[in-house]
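See below for the structure under consideration.
For reference, positions follow the sequence shown, starting with 1.
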Amino acid sequence: MVDRIERNKDLVQEVVESTATHVGRIATIITTAVADVAREVGDLFTDGFEMRDAARKARMDEQRGILDAELADPESEAEPSITAGAEALSAPAPTATTDEVEVEDTAEVGAAVTPDARDSERDVEDIPQPSVPVSPEVEAEIESEYDG
C-alpha cells in the first residue's frame with residue numbers, strides 16, 4: 001500500500017506537470033498571436049508605402065504627360081524639374097477636329113462593311129494620328145508587330 005506522503009507527492013507532481021503544460025500552451029497561443037498581429041501591422045504599413053509610391057509615380061507621369069505608365073521610358077524615371085512639370089501642364093493637349101478627318105459615306109444601306117473594303121477606299125497612313133510620347137523601345141516593338 002502507498003502511504004499518504006507518497007500519494008500527496010504524486011498528486012503535487014501531476015498538478016505541477018499539468019499546470020506547466022497548460023501554461024506552456026497558453027504562452028504559445030499568446031506568442032503566436034503577438035507575432036501574427038505584428039506581421040499584419042507590418043503588412044498594413046507596407047501597403048501604405050506602396051500606395052504612396054504609386055501615387056507619387058502617377059503624379060510624375062501626369063506631369064510628364066504620359067498616358068500609360070507601361071509605355072513610359074524606364075530610363076526617364078528621374079523626377080522632373082519644376083519647370084518641366086510646368087511646361088507639361090501648360091502645353092495644350094492634342095485634339096482631333098472634324099477638319100482633320102475626312103469620312104466618306106459610300107456604303108449602301110444594309111451592306112456589310114468589312115475591314116478590307118474600308119482599307120481599299122482610303123490609305124490607312126493618310127489618317128492623322130494623335131501625337132503621344134512613346135519611347136523608342138516601344139515604338140520598335142509596335143513596328144515589329146505590324147511588320148510581321
Side-chain angles (χ1 to χ4, degrees), residues 1-98 100-101 103 107 110-120 122-148:
M1 201 158 209
V2 179
D3 66 347
R4 195 176 117 204
I5 296 176
E6 190 174 348
R7 203 178 27 208
N8 287 340
K9 185 236 9 142
D10 290 342
L11 178 66
V12 170
Q13 183 178 347
E14 281 294 320
V15 168
V16 169
E17 288 177 10
S18 177
T19 302
T21 301
H22 289 293
V23 168
R25 288 180 185 161
I26 291 170
T28 301
I29 291 169
I30 291 171
T31 303
T32 303
V34 169
D36 289 346
V37 168
R39 184 178 309 110
E40 289 301 321
V41 169
D43 289 347
L44 176 67
F45 279 106
T46 299
D47 290 347
F49 294 141
E50 289 174 356
M51 286 186 263
R52 183 188 66 185
D53 189 44
R56 182 185 58 81
K57 286 182 180 181
R59 269 193 312 275
M60 288 174 45
D61 288 345
E62 184 178 332
Q63 289 174 350
R64 291 185 294 180
I66 296 175
L67 301 176
D68 189 354
E70 291 179 1
L71 299 177
D73 185 10
E75 294 176 4
S76 65
E77 286 295 319
E79 291 192 29
S81 66
I82 293 173
T83 57
E87 292 170 3
L89 291 175
S90 65
T95 58
T97 63
T98 55
E100 295 173 349
V101 180
V103 178
V113 178
T114 63
D116 294 334
R118 287 192 306 240
D119 291 343
S120 65
R122 64 175 189 259
D123 191 3
V124 176
E125 293 177 1
D126 293 339
I127 300 173
Q129 300 294 319
S131 61
V132 177
V134 178
S135 68
E137 294 85 13
V138 172
E139 190 172 318
E141 183 179 326
I142 292 171
E143 287 178 7
S144 68
E145 285 181 21
Y146 288 107
D147 288 342

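Screening I26, T21, T19 for a side-chain contact (heavy atoms from CB on, under 4.5 Å) involving V23 leaves a single residue, T19. Exactly one residue among E50, K57, M51 makes a side-chain contact (heavy atoms from CB on, under 4.5 Å) with D53. That residue is K57.
A salt bridge is absent between R7 and D10; no separation between the charged side-chain nitrogens and carboxylate oxygens falls under 4.0 Å. Under the 4.0 Å criterion applied to side-chain N and carboxylate O atoms, D43 and R39 are not assigned as salt-bridge partners.
Going from atom CZ of R59 over to atom CD of E62 covers 9.5 Å, rounded to the nearest 0.5 Å.
The backbone N or O of E14 lies less than 3.5 Å from no partner atom in the side chain of S18, so there is not a single donor-acceptor pair.
Here R25 pairs with nothing under the salt bridge (Lys or Arg N to Asp or Glu O under 4.0 Å) rule; sequence neighbours left out.
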Could you go step by step and tell me if Q13 and E17 meet the side chain to side chain contact (heavy atoms under 4.5 Å, CB included) rule? CA-CA 6 Å; Q13 183 178 347; E17 288 177 10; 3.2 Å; yes
